[in-house]
Amino acid sequence: MAEPETNDATPFLPDRHSLKALREAAADCRGCHLWRPATQTVFGDGRRASRVMLVGEQPGDREDRAGRPFVGPAGRELDRGLEAAGIDRAETYVTNVVKHFKFEERGRRRIHQTPKRFEIDACRPWLDAELEVVKPEALVLLGATAAKALLGSSFRVTKHRGELLDCELAPLVAATIHPSAILRAPDDEARQGEREAFATDLRVVARALCPV
Ligand code: SF4
């Protein structure tokens with residue numbers, strides 16, 4: 001089916017780039033088709049002075065209803081990892097490369113669907129504006145979708161997780177898994193291993209930032 005939208009959020013950006021102005025404008029974004037079935041735009045959350053920006057893929061079911069990123073089970077894993085790494089959550093700004101929840105309805109359940117490249121590209125102006133305003137000292141990309149969106153489609157999180165990467169987006173850039181991957185671990189032992197590895201990746205950033 002042809003997309004009536006322009007697949008570009010640029011026309012919806014406000015003239016003034018403050019987080020408040022951006023968040024308010026993003027609430028009315030129609031830059032791609034994803035706004036239609038979703039409840040609301042889920043813009044980034046955190047203070048402008050945050051030293052660390054964490055970027056995930058897209059809001060999940062819980063986030064779509066709450067209107068805030070990383071408030072569901074994956075968000076709790078993120079909080080846990082940050083605490084284990086010694087990064088103050090209050091020093092972080094959390095957001096996603098795509099600001100609307102993309103899902104497929106199966107009965108009463110809404111199942112996450114990975115956003116396509118054109119949807120990520122359409123939403124990119126919001127993330128660029130967030131980066132411009134927050135200017136984080138460290139940028140942490142959570143999961144393959146976010147990492148590929150910002151570092152190129154050939155980037156492999158499995159190969160380069162926990163490394164400090166040479167990238168102009170921020171003084172410190174690193175990639176790790178999305179915390180939802182911890183939840184998908186097959187058993188408690190695997191889950192604990194994923195948790196520890198996630199915290200280890202975040203510790204690399206914490207040490208480089210020190211003192212946080
Ligand atoms: S996903 Fe992004 S570009 Fe698409 S409508 Fe939502 S905010 Fe706009």
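Note that ligands are numbered from 1 as they come in the structure, with each ligand's atoms numbered from 1 the same way.
Nearest heavy atom pair, residue A138 against residue V205, reads CB-CG1, 3.7 Å.
A donor and an acceptor atom, one from each side chain of D8 and T6, are nowhere located under 3.5 Å apart.
D79 and R76 are not joined by a salt bridge, as no carboxylate oxygen comes within less than 4.0 angstrom of a charged side-chain nitrogen.
Of all atoms in ligand 1, listed by their number and element, those nearer than 4.0 Å to a heavy atom of K99 are 7 (S).
Contacts between W126 and ligand 1, counted as non-hydrogen atom pairs separated by less than 4.0 Å, involve the side chain only.
As for H100, its N/O/S atom nearest atom 6 (Fe) of ligand 1 is the one called ND1.
In this structure, F101 belongs to a hydrophobic cluster whose other members, linked by side-chain heavy atoms under 4.5 Å apart, are F103.
Not a single N/O/S atom of C123, whether from backbone or side chain, sits less than 2.8 Å from atom 6 (Fe) of ligand 1.
Here the heavy atom of the protein found nearest to atom 8 (Fe) of ligand 1 is C29 SG, 2.3 Å. Ranking protein heavy atoms by distance to atom 4 (Fe) of ligand 1, first place goes to C32 SG, 2.3 Å.
E130 pairs in a side chain to side chain donor-acceptor pair (under 3.5 Å) with only one of the listed residues (K99, R23, K135), which is K99.
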